[in-house]
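Accompanying notes for the structure given below.
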There are 2 protein chains.
Amino acid sequence: MQRVTIMDVAARAELSPSTVSLYFRKPDAVSAAASEAIARAIEALDYVPNLMAGGLAAASSRVVSIIVPSVRNAFFAETVTALQDELGKQRLQVMLSHTEYKEHDEENLVRTALSWAPAAVVLTGLSHSAATRRLLRDSKVPVVEIWELGSPTMDMAVGFHHDQVGHAAASHLLQRGRKRLLFLGARLHEDRRAARRAQGFVEAARNAPDVTAEIIQHPAPASAEVGAMLLGEALHRFPNVDGIACSNDHIALGVIFECQRSGVAIPERLSVMGFGDLSFSAAANPSLTTIRPPGDLIGKEAARLIIARLAHLGAEPEQAVIDTRFTLLHRQSS
Amino acid sequence: MQRVTIMDVAARAELSPSTVSLYFRKPDAVSAAASEAIARAIEALDYVPNLMAGGLAAASSRVVSIIVPSVRNAFFAETVTALQDELGKQRLQVMLSHTEYKEHDEENLVRTALSWAPAAVVLTGLSHSAATRRLLRDSKVPVVEIWELGSPTMDMAVGFHHDQVGHAAASHLLQRGRKRLLFLGARLHEDRRAARRAQGFVEAARNAPDVTAEIIQHPAPASAEVGAMLLGEALHRFPNVDGIACSNDHIALGVIFECQRSGVAIPERLSVMGFGDLSFSAAANPSLTTIRPPGDLIGKEAARLIIARLAHLGAEPEQAVIDTRFTLLHRQSS
DNA sequence: TTGAAAGCGCTAACAG
DNA sequence: CTGTTAGCGCTTTCAA
C-alpha cells in the first residue's frame, strides 16, 4: 500500500529522515532552505505519511475516538459534526462508534478505541461501567463526557443539566396558566437524559399548588408516530390535560399532527412544547415552543478542551466542566 | 500509553508472541490448550492490542474510511450506521469524515484517509476530482461509491439512479391527473443528486402531453422553513400548480404546513410528494407520499462488498455495481 | 539546525 | 501447531 516513505523524501531532499520528521511535527525548527527542499520532495514523490508508523513510534495517535448513542439522532449528529470540524483543523481524526443506546456495549467500544492509542476519547453521558472507567483511567487518555452534567465526572465534561430542562419546561407551562401537565416520553428506560428531563419536569410541576403532572411513555424510539400515539393515550387517560412537554420535538410534532386530526386547539386548549428545536420546529403549524440544546456548542467546547489538553500534555491536567446551558424558545404552540 | 504487550501475554501463557498473534488473527489455527492459556493471560493482564503496530506490520489496517457530505443528513446517518454495524462485526473500524458538500475538500480527506492505510474507502457519489481518483487508484485500496449510480464508477458502487427517482415522482403525479407540475428544491447547486432528481422529474413530465413542469429552488439547505418559502413562491409564480415534488421530505413538510396556513387543500387542490420517508412523513397530516431511498440497505451492501473483497484479497477484484432501487410510498398527500 | 541509532508492538514468512 | 527472525515507517533521544 505505502510505497514512498520518509526515507525517500529525505533522500530526494538530501537530508536525513529525522529532519523530514521534524518538518512535519515542528515546522519552525527546520531551516527555510530545508523546508523548501522537503516540500519539493514531498510534492514530487506524492508522499503520503504513514500515520500508523508515526503513532506507533510516538506511542500515541492523532485519533480522537467518539462514542455516541446514535448518529441518526440529530442532536449527536450536530455535535459530531462540530467536533470533527474543530479537531480537523488540528489534523486530528475522528473515529466514530455508536452504542445504539446499549450501554452494555460501551466497554467493548472503549477497549477497541484504546487499541488505537487515541489522543482523546469522547463519551456521551456520565453513566459508564466500572470496567470502562478503569480502562480509561489506566490508559491515561484524556476523556470528555458530553451532553450531560452532574456527578461524577471522569475527567472533563461539556453539557447541561437535564433536570433543569425539565424544570424550565414545567415553569413555562405553569407560567402560561397550565395546571394539568403531562410529559410524553419515548424510550425513557434507555435514554437516561430524557428520563432526567421527565423527572425534573414532574418535580418542578408538583412543587406548584393545584398542579398535577404525570409521565406517559412508549418503549419505541422517538418519532412523530409515537408522539401521535402518546397523545391519543394522553387524551384518553387525562381528558383534562392542558399542558404537554415532550421528550423531544419528534414526539411534539406527532402531537401537533394528532391534535389537528382530533380538532384539539393548540395552544388554546392545549399547550405543547418539545425539546431539540429540530429543523421543522419553527416552521410547524403552529410553530413549536421548544428547548434548544446547544449541540454544536457542545462539540466545539469538547474539541477546545481536547486541543488545550493536548497542548499542555506535561502540565497538571485541569478538570474542566463546562455548562453550556440551553435556551427556551417560546413559539405559538404554547 | 500501552503498557502490556503481546510479549507479556506470550510470556505469561508460556508461548511465543507469534502464537498469540495468530490467536488474534486466525483463532482456528491455534490449539485449544494454547487458546485457553492465551485467553487467561489476556484477561489477567488486561491486555489491549496495539492496532497501530499491527497495521504497520501488516501494511494495512482494519480501518474503513467513510466520507459523506454530512452526518446531519438523515440519509447518510442511516447508511453510516449500517456500515458501522456490519463492519464492526468483522472488527473493522469506521473513520468518518464529512465534506459539508464542498467537493473540493474531498481530496484532502482522501489523502488523510490513505495515511491510515485503510482496508477500504467509502465515498459518496460519483463525482470526484482527477487527483482524488489518481490517489485512490495508486493506493490500490478498495473503493465503494455510494448513494448514486451512473458512470463512471471507480471500483465498486452501491446506490440507485436519481433521475429514475425524478421519473417515478413525475409519473406518479401524472397518474393522479396532475398537469401543472413543480419541483421544489434546496441547494441544488451543491447537492448533485437532488439536482438529478429534479432533472429526471422535469424530463419525464415534459414528455407527457399538455403538461408543464418547472423547477423552483432555494440556495439554503433543505428545511421545512425553506419548503414553506418555496411554496409561497410557487403559488405566486404558478397559481395553477396542482402537483409538487420536493427534493426531500423536509421541504415537503414545510409545504404541508404552509398549505395548512394558506388554506390550500392537499391533495384535493394540490398533490404533494417528498423524498426520503423521514421519521415524520407517515405521521404527517396529511400523511406524505414520498420516495424512500434504502439508506440502510446501501450501508449493508457496501459493507458486504468490502468484506467480500477483503476475504479474497488475492483474487481478481470483481467490479460490483449494486442497484438498490427505491420505493414509492403512496399516502394521503397525493 | 541536523543526523545516527535504537526502538515502538506487531505481523509474516519460514522452519521445525 | 508453534517458534525464530526480520522488519513495517516513523519518532525520539542524544550528539554533533
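Numbered from 1 within each chain, the chains take letters A, B, ... in sequence-line order.
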If I take atom [atom1] in residue [X] and atom [atom2] in nucleotide [N], what distance separates them, rounded to the nearest angstrom?
X: Ile6(A); N: dT2(C); atom1: CD1; atom2: P; value: 14 Å
X: Met52(B); N: dC10(D); atom1: CE; atom2: C1'; value: 11 Å
X: Leu56(B); N: dC8(C); atom1: CG; atom2: P; value: 13 Å
X: Asp8(A); N: dC10(D); atom1: CG; atom2: C1'; value: 13 Å
X: Leu51(B); N: dC8(C); atom1: CG; atom2: C1'; value: 15 Å
X: Trp116(A); N: dG9(C); atom1: CH2; atom2: P; value: 16 Å

Legend entry - Modelled atom types, side-chain donor and acceptor of Ser127(B) and Glu103(B), under 3.5 Å: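 Yes, because at least one side-chain N or O of Ser127(B) sits under 3.5 Å from a partner of the opposite role on Glu103(B).
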Inset, instruction - Ignoring hydrogens and angles, state whether a donor on the side chain of Trp147(A) or Thr79(A) is under 3.5 Å from an acceptor on the partner side chain. - result: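 A donor-acceptor contact under 3.5 Å links the two side chains.
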Legend entry - Side chains of Arg72(A) and Phe76(B) in contact at under 4.5 Å (non-hydrogen atoms):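 No. Closest side-chain heavy atoms not under 4.5 Å.
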Inset, instruction - Check whether any side-chain heavy atom of Asp296(B) sits under 4.5 Å from a side-chain heavy atom of Thr81(B), and report yes or no. - result: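 When only atoms from C-beta onward are counted, Thr81(B) and Asp296(B) do not touch, as no gap falls below 4.5 Å.
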Legend entry - Neighbours of DNA chain D within residues 14-40 of chain B, by heavy-atom distance under 4.0 Å: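 Of all residues in residues 14-40 of chain B, the ones placing a heavy atom under 4.0 Å from DNA chain D are Leu15(B), Ser16(B), Ser18(B), Thr19(B), Leu22(B), Asp28(B), Ala29(B), Val30(B), Ser31(B), Ala34(B).
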Legend entry - Which residues share a side chain to side chain donor-acceptor pair (under 3.5 Å) with Asp85(A), sequence neighbours left out: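 Side chain to side chain donor-acceptor pair (under 3.5 Å) check on Asp85(A) returns His98(B).
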Legend entry - Sequence-distant partners of Glu86(A), salt bridge (charged side-chain N to carboxylate O under 4.0 Å, His left out), two or more places apart: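 Partners of Glu86(A) by the salt bridge (charged side-chain N to carboxylate O under 4.0 Å, His left out) criterion, ordered by chain and then number, come out as Lys89(A).
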Inset, instruction - Specify the residue among Ala57(A) and Ala58(B) whose closest nucleotide of DNA chain D lies further upstream toward the 5′ end. - result: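 Taking each residue's closest nucleotide, the earlier one in sequence belongs to Ala58(B).
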